[in-house]
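In what follows, a single structure is set out as structure tokens and then discussed.
Because the structure is predicted, anything quoted here is derived from the model rather than measured.
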Amino acid sequence: MLDLQKELEGRAIELRALIAATEEARKPVELDQVAVGRLSRMDAMQGQAMAQATKRQYQREIQRIEAALRRIAEGEFGSCISCGEEIGDRRLSIDPTAATCIACASERRG
């Protein structure tokens, strides 16, 4: 369990570093047509939108990691937060941040 905790903490640190490293790409695009052509500005705006979407994805993953770390600390890791049943080892090996068993996850999607 300690190895998993360290792995999750390391991934959260990595994601925070990626968010910080891409801060420049998320800044507003200049609308000065003299300095930047229309197509270049459109490319920059698309790049900005992609960087913002990536940041949101990283933030969601960090939230899932933090929730998994709380469950580890509270001794509840591996138990479904919906029904209380054990989450399968195979599911946790694929996604250690999984908070629900397959049955409850399928029910939520359905």
Determine whether a donor-acceptor pair (N or O, by modelled atom type, separation under 3.5 Å) exists between the side chain of [X] and the backbone of [Y].
{"X": "Q5", "Y": "L69", "answer": "no"}
{"X": "R91", "Y": "T100", "answer": "yes"}
{"X": "R64", "Y": "R60", "answer": "no"}

Taking NZ, NE, NH1 and NH2 as the nitrogens, is one of them in E76 or R70 under 4.0 Å from a carboxylate oxygen of the other? no

Any chance you could lay out the salt bridge (Lys or Arg N to Asp or Glu O under 4.0 Å) test for R16 and E66, step after step, and finish with the verdict? CA-CA 12 Å; R16 286 185 182 101; E66 289 172 345; 2.4 Å; yes

Do [X] and [Y] have side chains that get closer than 4.5 Å, going by heavy atoms?
{"X": "L15", "Y": "R11", "value": "yes"}
{"X": "I19", "Y": "I62", "value": "yes"}
{"X": "E61", "Y": "Q57", "value": "no"}
{"X": "Q48", "Y": "K27", "value": "no"}
{"X": "F77", "Y": "L92", "value": "yes"}

If you take all heavy atoms of A68 and P96, which pair is closest and at what distance? CB-O, 4.0 Å

To the nearest 0.5 Å, how far apart are [atom1] in [X] and [atom2] in [Y]?
{"X": "E86", "Y": "C80", "atom1": "CD", "atom2": "SG", "answer": "11.5 Å"}
{"X": "K55", "Y": "Q59", "atom1": "NZ", "atom2": "CD", "answer": "5.0 Å"}
{"X": "E7", "Y": "E14", "atom1": "CD", "atom2": "CD", "answer": "10.5 Å"}
{"X": "Q52", "Y": "T22", "atom1": "CD", "atom2": "OG1", "answer": "10.0 Å"}

Does L18 share a hydrophobic cluster with L8, counting links as ILVMFWY side-chain heavy atoms below 4.5 Å and allowing steps through other members?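 Yes; tracing contacts between hydrophobic side chains, which count when under 4.5 Å, links both residues.
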
For E24, I'd like to know if atom CD has over 12 heavy atoms of other residues, nucleotides or ligands within 6.0 Å. no

